[in-house]
Amino acid sequence: MKIATWNVAGIRARLPNLIKWLKNEQPDIVCLQETKIVNELFPRSMIEGLGYSIACSGQKSFNGVAILAKKSPDETITKLPGDENDEQARFVEAVFSLNKTILRVVSLYCPNGNPTESAKFPYKLNWMERLYQYAKSNLNHEEMLILAGDFNVIPSPVDARYPQQWVKDALFLPQTRQSFFKLCNLGFVDAIRASTDDPSYTFWDFQSGAWAKNNGIRIDHVMLSPRASDILKGTSIQKDLRGWEKPSDHVPVWVHLDLDF
DNA sequence: ATGCCGGGTACGACCCGA
């Protein structure tokens, strides 16, 4: 089976590209971020027409995540535990019962955290700590768990074309990277980094000709629990979508698993 | 460093992203 994560930067603006891409690539599961739409207005019909179930957690204007899948999930969760008052739609989980196994998939949109002197940075770090606690408690089940999405974390200098540009940015500060590595130290595998040493980016800013200059960063990640990393077959970053008409500033990240879906 | 682009909201400029 193949699973992809893609920050679409507005699902309504990206719908033609999303539909074309789904038809071309036939993913089994897709984790979307920055849908920027309430659940009631989610553009269901064309996506369902291609054979996908939809689990979404959205809000007006900002954030919003979804999971599209060729099977219907047995269970859906739309809140990251740890803060009852958190109204931001950044987490959706879908649980799939497969032949003798369970696959748990999360589409997540970690806060950006800039500017770092504002409340946004502690909110980011707190959200990442909540994700860590969630991941840790789920590992006890020894299921296949996939955390896929826009982490807004540049893990290492190799993950930026110009790392010195990011040293004071919330995406690359030591506290942010430590929080990401804490997740890795639970046993989660960064699927792209496990598969290749090549520098490869998932985001290029719309501004300043970042795409033309390949001034990119790798911030969209697929993290595999030990049971899931055991069946990792391969990965890719679908850079060509950044060159399409009306692109998102992010491109899809793909993971292939040795698993029937 | 800021906000050069792009989306959303709403219809005139704002906020937000990374």
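First the proteins, then the strands, lettered A, B, ... as listed; each starts at 1. Keep in mind that this is a model prediction, so the values were computed, not measured.
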Participant: Using atom CG of Asn215(A) as one end and atom P of dA1(B) as the other, report the distance to the nearest whole Å.
Facilitator: 14 Å

Participant: When every nucleotide of nucleotides 9-18 of chain B is labelled 5' to 3' by its protein contacts under 4.0 Å (heavy atoms), B for base, S for sugar-phosphate only, - for none, what sequence of letters results?
Facilitator: SS-----SSB

Participant: Compile the donor-acceptor pairs under 3.5 Å between side chains in residues 147-160 of chain A and protein atoms, sequence neighbours left out, one pair per line.
Facilitator:
unit_1, atom_1, unit_2, atom_2, d
Asp150(A), OD1, Asn152(A), N, 3.0
Asp150(A), OD2, Asn7(A), ND2, 3.0
Asn152(A), ND2, Cys110(A), O, 2.8
Asp159(A), OD1, Arg193(A), NH2, 2.7
Asp159(A), OD1, Arg218(A), NE, 2.7
Asp159(A), OD1, Arg218(A), NH2, 3.4
Asp159(A), OD2, Ser156(A), N, 3.1

Participant: Looking at residues at least two apart in the chain, or sitting in another chain, which of them share a salt bridge (Lys or Arg N to Asp or Glu O under 4.0 Å) with Glu25(A)?
Facilitator: none

Participant: C1' atom, dG3(B) versus dC14(B): distance in rounded Å?
Facilitator: 13 Å

Participant: Rounding to an integer number of angstrom, what distance separates dA13(B) and dA18(B) when you compare their C1' atoms?
Facilitator: 22 Å

Participant: What distance, rounded to whole Å, do you find between the two C1' atoms, one in dC11(B) and one in dG17(B)?
Facilitator: 22 Å

Participant: Take atom C1' in dG12(B) and the same atom in dG8(B), then report the distance between them in whole Å.
Facilitator: 14 Å

Participant: Considering only the P atoms, how many Å lie between dA10(B) and dC15(B), rounded to the nearest integer?
Facilitator: 14 Å

Participant: Verify the contact: side-chain N or O of Arg14(A) to OP1 or OP2 of dG6(B), cut-off strictly under 4.0 Å; return yes or no.
Facilitator: no

Participant: How long is the span from the CZ atom in Arg90(A) to the CG atom in Leu131(A), to the nearest 0.5 Å?
Facilitator: 12.0 Å

Participant: Checking Leu125(A) now: which residues fulfil side chain to side chain contact (heavy atoms under 4.5 Å, CB included) with it, not counting sequence neighbours?
Facilitator: Phe121(A), Gln175(A), Thr176(A)

Participant: In whole angstroms, how far is the P atom of dG6(B) from the CH2 atom of Trp244(A)?
Facilitator: 18 Å

Participant: If the condition is ring-ring contact (aromatic ring centres under 6.0 Å, His included), which residues does Tyr201(A) pass it with, not counting sequence neighbours?
Facilitator: none

Participant: Separation of Gln165(A) atom CD from dA1(B) atom P, in whole Å?
Facilitator: 10 Å

Participant: What is the distance, rounded to the nearest whole Å, between atom CG of Leu41(A) and atom P of dG8(B)?
Facilitator: 12 Å

Participant: Is any side-chain N of the basic residue among Glu143(A) and Arg227(A) closer than 4.0 Å to the acidic one's carboxylate O?
Facilitator: no

Participant: Using the C1' atom as the reference point in each nucleotide, state the distance between dC16(B) and dT2(B) in Å, no decimals.
Facilitator: 15 Å

Participant: Show me, pair by pair, the donor-acceptor contacts under 3.5 angstrom made by side chains of residues 251-261 of chain A, not counting sequence neighbours?
Facilitator:
unit_1, atom_1, unit_2, atom_2, d
Trp254(A), NE1, Gln238(A), OE1, 2.9

